[in-house]
Amino acid sequence: MKKEKWLAILAVISTSMLLISRRSVGRTFLRRHFSKATEMPKLSKSIVVDGKNDIEKSLPADIEEIHTNAVLQGKDTYEDPATGFTVFTRLAHLKKEQCCGCRCRHCPYGHVNVGKKVSQVSKPKALSGKPGGNVAHSNVYTKGGDKGSSSLYNGERRRKSDPVFEALGTVDELSSQLGLARALLREVDGKTRNEKLMDFIESIQQELLNVGTVIATPTPYSPDVKEIISRYQLAERTQEMEKYIDEMDSTLAPQRLFILPGGGNSQSAQLHVCRTTCRRAERRMIEVRDQYEEQYDDYLRQATVYVNRMSDFLFVAARSVAEEDIVRTYK
């Protein structure tokens, strides 16, 4: 990059930092001269790190050029030509004055808050019962997605209707349905609870969090993210599931007709609901692979195979806890 461009970028960033500093002085004035009832929340600033972050170091030259031009024009965002997604520039992050923890592409703070809580929210005070009582702001809602977009783990923002978020939402739904199945298995009356099956379902829920991370993290990875994902053992987990399927299936009568979901109890019926949700999650993941295959590596394929095998597991598990096989009748 030419020396003149770097100097121009530094000038724009310096001006932005000056404006931010003035805004901070204004906040200080308000805190000093207004009562505690109207005191503004203290913002924990992050330190700007010199040079590129790990993600920026792996970006192609055309993206660097687009980002540079956007910064020179004082823009907060630019459009990624490969994906069409909106990406925040360094200027936008400087205005926030802190790392948001989302591993943004152009984070100027070295991703210092990734994997950490960005802000510590004080314990809410008990409501006084009087109108207008003060309650600490919750960190459950951020309002960042109010305009219909959200961030992936690599910092890209996409519309919430994007296939990636469809897949993530369905995987989340699957985990919730599995949680209900575990709760129903726990509440079995007059029978010994199947602790092994309950524990295995919980392990699936844990693994689905890893599946979600894989879906939400298209390449290029930063080195620390690559290290995390490389530790996932989706292929090994698939083999463990196959062994458990064989173990359960060996105790069941051979299936000769189509079985209607239900099995005579709520536990079996819910496992069938999990199975059909799992099938839908697999379809959504395949859609991500079909549309964005060049942005993912083999981990997404491994995750898809894992979810595919899971639907087989849930079918056999539903039969294993059923009181009867309700089969199709031909009239």
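The structure presented is a predicted model; accordingly, all values stated were derived computationally and were not measured.
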Going hydrophobic residue to hydrophobic residue with side-chain gaps under 4.5 angstrom, can you get from Ile66 over to Leu91? no

Find out if a path of hydrophobic residues (ILVMFWY) with successive side-chain heavy-atom gaps under 4.5 Å connects Leu184 to Leu271. no

In terms of heavy-atom contacts, does NZ of Lys160 have more than 12 from other residues, nucleotides or ligands at under 6.0 Å? yes

*May I ask you to test the Leu178-Leu314 pair for a side-chain heavy-atom distance under 4.5 Å?*
yes

Please state whether the rings of Phe315 and His272 are parallel, tilted or perpendicular, taking 30° and 60° as the class boundaries. perpendicular

Salt bridge Arg289-Glu294, side-chain N to carboxylate O under 4.0 Å | no

Do Leu185 and Ile201 have side chains that get closer than 4.5 Å, going by heavy atoms? yes

Does the side chain of Glu293 reach to within under 4.5 Å of the side chain of Asp290, using non-hydrogen atoms? no

### Message
Taking the basic N atoms (NZ, or NE/NH1/NH2) and the acidic carboxylate oxygens, is any pair closer than 4.0 Å for Glu242 and Arg309?
### Response
yes

Residue set satisfying side chain to side chain donor-acceptor pair (under 3.5 Å) with Thr277, at least two apart, ordered chain then number -> none

Exercise for the section: Check for a donor-acceptor pair, side chain of Thr89 on one end and backbone N or O of Asp76 on the other, with a separation under 3.5 Å. Expected result: yes

Following the transitive rule for hydrophobic clusters with a side-chain heavy-atom cut-off under 4.5 Å over Ile, Leu, Val, Met, Phe, Trp and Tyr, establish whether Leu174 and Val273 coincide in one cluster. no

Margin query: For a 4.5 angstrom cut-off between non-hydrogen side-chain atoms, does Lys196 reach Met198?
Written below: no

**Item:** Step-by-step side-chain contact (heavy atoms from CB on, under 4.5 Å) determination, Thr251 to Ser320
**Value:** CA-CA 8 Å; Thr251 66; Ser320 73; 5.6 Å; no

Inset, instruction - Without swapping roles, check the side chain of Thr219 against the backbone of Gln295 for a donor-acceptor pair under 3.5 Å. - result: yes

Q) Short question: side chain of Thr217, backbone of Val214 - any donor-acceptor pair under 3.5 Å? A) no

Closest heavy-atom pair, Ile55 versus Cys104, reported as atoms and distance to 0.1 Å, is CD1-O, 4.0 Å

Residues Leu94 and Pro108: closest non-hydrogen pair is CD2-CG, 3.9 Å

Item to complete: Could you tell me whether the side chain of Gln205 and the main chain of Ser175 form a donor-acceptor pair under 3.5 Å?
Response: yes

Any Arg319 side-chain heavy atom under 4.5 Å of Ser268 side chain: no

In terms of heavy-atom contacts, Pro163 and Gln291 come closest through CG-OE1, 3.4 Å

Checking the side chain of Glu56 only, and the main-chain atoms of Asn53 only, is there a donor and an acceptor separated by less than 3.5 Å? yes

* Asked: Between Arg280 and Glu282, does at least one N-O distance fall below 4.0 Å, as a salt bridge requires?
  -> no

Apply side-chain contact (heavy atoms from CB on, under 4.5 Å) to the pair Val321 and Leu197, showing each step before the final yes or no. CA-CA 10 Å; Val321 301; Leu197 180 58; 3.8 Å; yes

Value for CZ (Arg105) from CZ (Phe88), rounded to nearest 0.5 Å, stands at 12.5 Å

Is the distance between the ring centroids of His106 and His67 under 6.0 Å?
yes

On a heavy-atom basis, the closest approach of Glu166 and Ser161 is CG-O, 4.1 Å

Those residues at least two apart in sequence (or on a different chain) that pass side chain to side chain donor-acceptor pair (under 3.5 Å) with Ser311 are Arg279

**Asked** Side chains of Val305 and Leu234: closer than 4.5 Å at any heavy-atom pair?
**Response** no

Donor-acceptor under 3.5 Å (Ser150 side chain, Gly145 main chain) | no

- [ ] Hey, can you tell me if Tyr244 and Phe200 have their rings parallel, tilted or perpendicular (30° and 60° cut-offs)?
- [x] perpendicular

### Pair Glu247 + Lys243, salt bridge at N-O below 4.0 Å
no

Min side-chain heavy-atom separation Met241-Tyr306 under 4.5 Å: yes

To the nearest 0.5 Å, atom CD of Glu156 lies from atom OG of Ser149 at 12.0 Å

> Between Tyr109 and Lys96, is there a cation-pi geometry (under 6.0 Å to ring centre, at most 45° from the normal)?
Replying inline: no

Q. Just wondering, do Leu152 and Arg157 contact through their side chains at under 4.5 Å, heavy atoms?
A. no

Query raised in the report: After noting the C-alpha distance and the side-chain angles of Val288 and Tyr296, does the key distance pass the side-chain contact (heavy atoms from CB on, under 4.5 Å) rule?
Result: CA-CA 9 Å; Val288 172; Tyr296 289 88; 3.8 Å; yes

Under 6.0 Å from the CD atom of Glu240, do we count more than 12 heavy atoms belonging to anything else shown? yes

Between the SG atom in Cys274 and the CD1 atom in Ile204, the distance rounded to the nearest 0.5 Å is 9.0 Å

- Task: Would you please test Val171 and Leu209 for side-chain contact (heavy atoms from CB on, under 4.5 Å) and show each step?
- Result: CA-CA 9 Å; Val171 169; Leu209 294 174; over 6 Å; no

Sorted by chain and residue number, the ring-ring contact (aromatic ring centres under 6.0 Å, His included) partners of His111 (sequence neighbours excluded) come out as none

* Asked: Under 4.0 Å between a Lys/Arg side-chain N and an Asp/Glu carboxylate O for Lys52 and Glu64?
  -> yes

